[in-house]
Amino acid sequence: QVQLVESGGGLVQPGGSLRLSCVASGPIVGVGAWRWYRHAVGQEGELVASITNKGTTTYADSVKGRFTISRDNGKNTLYLQMNSLKPEDTDIYYCYVDRPFGEDYWGQGTQVTVSS
């Protein structure tokens, strides 16, 4: 069973930056895409960004131009660089591995708070 562990969240002022990381405990085969979601308890989630196994990226309109998703296969790590953060970016961020022919994986989440 592969585990995903996020880190990098915290408190930042509006306009600031954070970089989230998601480390897999081991290599994952059969990956269709790596994704970052965000949602708070009791609220509907939002797909923030996605990167396919071929490197194609997509972003939610709300974060385009501000967030960048990337991955380092050698380190089994997914990143989310978040710039120009806004209070409405406050949420719990989760990494997710989509495996079309196998079990999907979720991380435990990391809190991002944007406030002055």
Side-chain angles (χ1 to χ4, degrees):
Q1 178 81 14
V2 174
Q3 294 185 334
L4 303 178
V5 179
E6 298 103 331
S7 62
L11 173 64
V12 64
Q13 292 187 342
S17 298
L18 286 173
R19 188 175 82 154
L20 305 183
S21 299
C22 171
V23 181
S25 59
I28 304 176
V29 297
V31 177
W34 294 72
R35 299 192 173 101
W36 286 99
Y37 282 88
R38 63 185 181 188
H39 64 88
V41 175
Q43 297 183 12
E44 191 170 339
E46 177 185 21
L47 173 59
V48 176
S50 180
I51 182 167
T52 70
N53 58 0
K54 296 183 179 181
T56 302
T57 58
T58 55
Y59 298 91
D61 287 342
S62 58
V63 306
K64 278 181 182 176
R66 301 188 297 122
F67 290 11
T68 303
I69 188 171
S70 63
R71 60 195 172 111
D72 185 330
N73 290 332
K75 296 181 179 180
N76 293 327
T77 302
L78 178 73
Y79 301 100
L80 185 68
Q81 177 67 43
M82 305 187 295
N83 299 327
S84 303
L85 283 162
K86 305 175 181 179
E88 51 264 41
D89 294 318
T90 296
D91 225 323
I92 302 173
Y93 286 70
Y94 299 85
C95 67
Y96 170 77
V97 175
D98 177 14
R99 302 174 67 217
F101 303 105
E103 181 183 3
D104 299 335
Y105 299 117
W106 284 96
Q108 86 288 351
T110 185
Q111 175 72 49
V112 171
T113 302
V114 185
S115 175
S116 55

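Throughout, numbering of the chain's residues begins at 1 and tracks the sequence.
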If we count only N and O atoms by modelled type, under 3.5 Å, do the side chains of Glu46 and Ser62 hold a donor and an acceptor together?
yes
Just verifying a value: how many Å separate Asp104 CG and Arg99 CZ, rounded to the nearest 0.5 Å?
8.0 Å
Is the His39-Tyr94 ring centre distance short of 6.0 angstrom?
yes
One should read off an interatomic distance between Leu4 CG and Cys95 SG, to the nearest 0.5 angstrom, of 4.5 Å
For the CD atom on Gln3, are there more than 12 heavy atoms of other groups (residues, nucleotides or ligands in this structure) within a distance under 6.0 Å?
no
Is any side-chain heavy atom of Thr57 closer than 4.5 Å to a side-chain heavy atom of Phe67?
no
Under the criterion side chain to side chain donor-acceptor pair (under 3.5 Å), I'd like the reasoning laid out for Asp72 against Tyr79: C-alpha separation, chi angles, the key distance, then a yes or no.
CA-CA 8 Å; Asp72 185 330; Tyr79 301 100; 4.7 Å; no
Should the pair Lys86-Asp89 be classified as a salt bridge under the 4.0 Å nitrogen-to-oxygen rule?
no
Show me the donor-acceptor pairs within less than 3.5 Å that the side chains of residues 10-21 make with the rest of the protein, sequence neighbours left out.
from: Ser17; atom 1: OG; to: Asn83; atom 2: OD1; distance (Å): 2.9

Ring centroid separation for Trp106 and Tyr96, is it under 6.0 angstrom?
yes
Evaluate the side-chain proximity of Leu78 to Ile69: yes if any heavy-atom separation is below 4.5 Å, no if none is.
yes
Donor-acceptor list for residues 49-56 side chains, cut-off 3.5 Å, not counting sequence neighbours:
from: Ser50; atom 1: OG; to: Arg35; atom 2: NE; distance (Å): 3.3
from: Thr52; atom 1: OG1; to: Lys54; atom 2: N; distance (Å): 3.2
from: Thr52; atom 1: OG1; to: Gly55; atom 2: N; distance (Å): 3.3
from: Thr52; atom 1: OG1; to: Thr56; atom 2: N; distance (Å): 3.1
from: Asn53; atom 1: ND2; to: Val31; atom 2: O; distance (Å): 3.2

Honestly curious: do Val48 and Val114 fall in one hydrophobic cluster under the side-chain, below-4.5 Å linking rule?
yes
So do the side chains of Tyr93 and Gln111 get within less than 4.5 Å of each other, counting heavy atoms only?
no
